[in-house]
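One structure is given here, and the rest of the page talks about it.
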Amino acid sequence: MSNEELSQIFTRIADLLEIKGENRFKVLAYRRASESIRSYPDDVSSLSQEELVDIPGIGQALAEKIVEYSQSGQLKFLNKLEKEVPPTLLELLEVPGIGPKRINLFWKSLGVTTLDELEEAARSGKLINLPGMGEKSTARILAGIQALRLKKKRYPIHEAETIAQEWKERISQVEGVQYIEIAGSLRRMCPTIGDIDLVGSAESSLKVMDFFVSQPEVVEVLSQGDFKSSIRLINGVEVQLWLQPKEKFGSLLQFVTGSKNHNVRLRELANKQGLSLSERGFVTNDLKEIFCEEESKVYSTLGLAFIPPELREDRGEIEAAAKNNLPNLIQREDLVCDLHLHSEWSDGKHSLREMANAAMNSGLKLIALTDHSSSAPTSREEDKLTIEDISKRTQAIRELQDEMKDKLIILNGIEVEILLDGRLDFPDKVLEAFDLVIASIHLGLDQTPKQLTKRLLSAIQNPLVDMIGHPGGKGLFASGAQELDWQRIFAASNKYNTILEINSNPLHLFLDDIHARQAARSGVLLAINSDAHTTSNISQIKYGLGIGRRAWLTPENVLNASEPNEVLEWINNRRAKSAGR
DNA sequence: GCCGTTTTCGGCCCGACTGTTTTCAGTCG
């Protein structure tokens with residue numbers, strides 16, 4: 001079973017315990033264990049009890065539960081808990097504005113166990129007379145249920161970024177605004193974003209807040225105060241604006257960037273040093289305030305190296321920063337090559353020349369044009385690259401390369417489909433002629449994890465395949481990809497010297513951060529490619545870069561962070577070795 | 001339920017906003 005599955009079990013237990021009214025620190029312990037397991041680099045279910053207690057946040061009691069679940073697929077503790085607390089109550093946690101305490105109240109006093117029952121109770125006025133409840137709270141709950149039913153869960157990063165940039169720009173125009181920045185999960189480069197967080201400072205926060213909540217797209221003001229306001233836009237997106245005086249801006253930016261777990265760890269660390277940390281700065285034991293206008297001062301005050309936002313997930317970054325041992329993270333300017341682009345020879349929108357020019361203008365030194373093979377279902381009939389087309393396309397690329405030889409190296413590549421049985425879409429003879437072969441799965445993504453794993457392994461072992469494109473499939477979170485046998489996939493990639501790709505299309509973004517980090521740790525070489533189908537989405541490489549940074553990657557982990565001659569040398573070496581197999 | 005450079009027991013992050021209260025609880029991030 002996967003770490004993800006186990007992690008979800010522990011979150012479920014935490015939620016049920018919280019509704020039950022269990023000690024909140026016990027609940028916290030389950031939540032921490034859940035996070036810890038989710039981002040653990042190896043397969044937790046294969047560890048012994050002694051090894052498990054070495055994982056932060058796992059003690060004897062939880063280690064026993066992990067072993068029990070790994071061996072039997074069952075957890076007596078959870079079964080018993082689900083008899084005490086109806087699991088249907090968990091869906092109520094999703095309703096904005098109500099939490100475990102109120103769910104417990106509604107359940108115990110009115111017997112409410114489902115969303116429909118809650119709505120009925122609210123409509124018939126049964127909630128109003130409960131302690132702590134009233135008319136407004138009831139109306140809020142009904143609105144929350146409505147919002148939940150309409151709510152689009154999370155937004156892909158590029159959509160959120162567009163909206164956030166626009167709001168940042170707009171607020172920066174307000175008179176007296178001193179700072180305004182995008183924070184939250186967007187700044188941490190999470191692939192999906194729940195809501196947008198903006199932070200700033202201004203001479204008059206009142207004026208900025210008034211401006212913020214009175215914009216034309218605002219359909220609802222969820223809260224409004226001097227330091228924080230929250231709105232819902234007509235497109236359903238929620239935006240929050242946080243303000244603090246200029247001299248506290250750094251603390252605020254740090255706090256709102258999160259993650260929550262990272263912040264909790266920092267505050268615990270502050271306490272150990274006799275400090276209290278909040279979005280307003282530090283307070284010492286004798287109540288002296290320390291302001292941080294610069295975000296870096298928050299970290300330096302705690303004796304830590306500056307931690308880049310993408311690492312702030314409580315996955316060991318605080319310990320590493322304390323030892324001044326953070327990775328030398330890969331940066332935008334390291335990515336001088338892009339090994340996965342499409343043209344109009346398959347389903348791309350632009351010609352080879354247009355793609356090459358755009359790549360050159362964006363600073364790239366080497367690209368691989370890798371159109372789809374004919375079986376890829378993404379191609380329309382007229383977009384299909386047939387074997388007959390290949391020689392014409394190859395010649396066009398060679399001519400273009402000749403023309404541009406001093407400016408850009410252009411590889412004649414292919415993204416060949418991995419067929420349902422693991423064979424490749426084009427015969428070996430055809431594939432041998434390409435400078436770079438990417439093998440990807442677009443077909444049959446509904447196969448079982450076992451079948452998908454087998455297909456990937458067979459491609460990884462194929463001497464003609466240099467790289468696996470978006471391993472695990474396409475679609476946000478590559479649904480089901482969590483369940484593939486990643487340990488075997490990484491081992492095989494290592495053994496056969498096959499690259500795994502981090503795909504930068506914001507709707508795919510896979511490998512994800514956790515798997516990319518595991519891959520790199522097991523020695524697998526990665527690539528971060530744009531998978532651009534138009535000239536303009538060459539720039540979407542920034543999202544793949546975000547994943548790479550979240551995965552703690554350094555330039556050494558990523559082939560296309562090397563200079564062109566090194567990339568060419570690597571491909572040649574690899575092919576020389578494969579030929580000997 | 002976890003954890004330990006004062007501790008194997010007694011702690012466990014901190015503040016903003018809302019609504020129902022008249023000093024606070026619940027929710028959220």
Side-chain angles (χ1 to χ4, degrees), chain A residues 10 13-14 17-19 21-36 52-66 77 92-106 127-141 143-144 183-185 188 193-199 205 209 213 221-231 238-244 248 251-252 254-283 302 312 314 318 322:
Chain A
F10 279 5
I13 292 175
L17 287 175
E18 203 165 19
I19 292 171
E22 185 58 87
N23 176 300
R24 65 193 178 100
F25 298 110
K26 188 194 258 193
V27 173
L28 186 65
Y30 276 95
R31 292 204 192 289
R32 283 188 166 164
S34 171
E35 263 312 305
S36 203
L52 285 167
V53 295
D54 286 339
I55 300 177
I58 310 277
Q60 278 305 331
L62 291 185
E64 276 172 31
K65 289 187 173 66
I66 294 172
F77 180 71
L92 305 190
L93 283 173
E94 306 289 319
V95 179
I98 71 175
K101 295 273 165 49
R102 290 203 170 138
I103 293 174
N104 182 287
L105 177 69
F106 303 153
L127 302 184
I128 292 187
N129 295 323
L130 295 175
M133 292 292 297
E135 253 179 66
K136 283 192 176 174
S137 303
T138 302
R140 219 176 149 79
I141 285 173
S185 50
R188 301 200 313 278
I193 310 296
D195 54 20
I196 291 171
D197 289 297
L198 299 168
V199 297
S205 66
M209 287 303 188
V213 301
V221 179
L222 300 166
S223 69
Q224 184 176 5
D226 292 344
F227 297 109
K228 181 187 163 193
S229 297
S230 184
I231 56 176
E238 288 178 16
V239 186
Q240 306 193 61
L241 176 62
W242 311 66
L243 297 174
Q244 284 288 340
K248 298 178 183 174
S251 307
L252 180 67
Q254 192 287 319
F255 168 72
V256 183
T257 297
S259 66
K260 183 173 163 53
N261 290 343
H262 175 85
N263 285 349
V264 169
R265 288 288 180 212
L266 280 193
R267 289 171 178 204
E268 287 172 355
L269 184 62
N271 286 349
K272 282 182 196 155
Q273 300 180 10
L275 298 165
S276 168
L277 171 62
S278 78
E279 61 265 45
R280 295 163 164 269
F282 293 94
V283 180
L302 291 169
R312 301 182 194 168
D314 188 28
I318 293 172

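Chain identifiers are assigned alphabetically (A, B, ...) following the order of the sequence lines, protein sequences preceding nucleic acid strands; residue numbering begins at 1 within each chain.
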Roughly how many Å apart are B:dG15 and B:dG10, using the C1' atom of each and rounding to a whole number? 25 Å

Taking A:R280 for its side chain and A:K248 for its backbone only, find out whether a donor-acceptor pair lies under 3.5 Å. no

Can a salt bridge be assigned to the pair A:E35 and A:R265 using a cut-off of 4.0 Å between side-chain N and carboxylate O? no

For a quick check of understanding: with a heavy-atom distance under 4.0 Å over all strands, which category does A:N263 fall into, base, sugar-phosphate or nothing? nothing

Taking the P atom of each, how far is B:dT27 from B:dT21, in whole Å? 15 Å

In whole Å, what is the span from the NZ atom of A:K228 to the P atom of B:dG29? 7 Å

Output the single nucleotide from B:dC17, B:dA16, B:dG19 whose closest atom is nearest the side chain of A:E279. B:dA16

Which nucleotide in the list B:dC13, B:dG1, B:dG15 gets nearest to the side chain of A:A29? B:dG1

Applying a 4.0 Å non-hydrogen cut-off, can you work out what A:L266 is touching in the nucleic acid: base, sugar-phosphate, or nothing? nothing

Return the value, rounded to whole Å, for the distance between atom CD of A:E268 and atom P of B:dC2. 15 Å

So A:R24, base contact, sugar-phosphate only, or nothing? Heavy-atom distance under 4.0 Å. nothing

Whole angstrom value for the distance that separates P of B:dC13 from CD of A:Q273: 15 Å

Any-strand Watson-Crick or G-U partner of B:dT8, both distances under 3.5 Å: none

Closest approach to the side chain of A:R280, judged atom by atom: which nucleotide of B:dC13, B:dG29, B:dA16 is it? B:dA16

Provide, to the nearest angstrom, the distance between the CG atom belonging to A:N23 and the P atom belonging to B:dG11. 13 Å

When A:K272 and A:L28 are each assigned the nearest nucleotide of DNA chain B, the 5'-most assignment goes to A:K272

Examine B:dT20: is either OP1 or OP2 under 4.0 Å from a nitrogen or oxygen in the side chain of A:S137? Give yes or no. yes

Ignoring hydrogens, what is the shortest heavy-atom contact between A:S137 and A:G132? Give both atom names and the distance. OG-O, 4.3 Å

Describe, in one word, how the ring planes of A:Y30 and A:F77 are oriented to each other, choosing from parallel (under 30°), tilted (30 to 60°) and perpendicular (over 60°). parallel

When rounded to whole Å, the CZ to C1' distance for the pair A:F25 and B:dC2 reads 12 Å

Return the value, rounded to whole Å, for the distance between atom CZ of A:F282 and atom P of B:dG15. 13 Å

Could you check how far CG of A:L241 sits from P of B:dG29, rounded to whole Å? 16 Å

Does A:N261 reach a base, just sugar-phosphate, or nothing at all? Heavy atoms under 4.0 Å. nothing

Pick the P atom in B:dA16 and in B:dT23, then give their distance to the nearest Å. 22 Å

Roughly, in whole Å, what's the span from CZ in A:R140 to P in B:dT20? 10 Å

Which part of the nucleic acid, if any, lies within contact of A:P96, taking any heavy atom under 4.0 Å across all strands shown: a base, the sugar-phosphate backbone alone, or nothing? sugar-phosphate

Any side-chain N or O of A:K260 below 4.0 angstrom from OP1/OP2 of B:dC28? no

Side-chain donor-acceptor contact under 3.5 Å, A:N104 with A:E18: no

Sticking with atom P, work out how far B:dG26 lies from B:dT20, rounded to a whole angstrom. 14 Å

Can a donor-acceptor pair be found, under 3.5 Å and without considering hydrogens, that links the side chain of A:D197 to the backbone of A:V256? no

Should A:L302 and A:I318 count as side-chain neighbours, where that means a heavy-atom distance under 4.5 Å? no

For the side chain of A:P100, counting heavy atoms from C-beta on, which of B:dC17, B:dT27, B:dG1 is nearest? B:dT27

Just to be sure I understand the rule, does A:S276 reach a base, reach only the sugar-phosphate, or reach nothing, if contact means heavy atoms closer than 4.0 Å? sugar-phosphate

Want to settle it: does A:I55 or A:L222 sit nearer the 5' end of DNA chain B, counting the closest nucleotide to each? A:I55

Using the P atom as the reference point in each nucleotide, state the distance between B:dT6 and B:dC2 in Å, no decimals. 24 Å

Which part of the nucleic acid does A:F255 contact within heavy-atom distance under 4.0 Å: base, sugar-phosphate only, or nothing? base

Taking the P atom in each of B:dT18 and B:dC13, what is the distance between them to the nearest angstrom? 26 Å

Quantified in whole Å, what is the C1' atom distance between nucleotide B:dG1 and nucleotide B:dT5? 24 Å

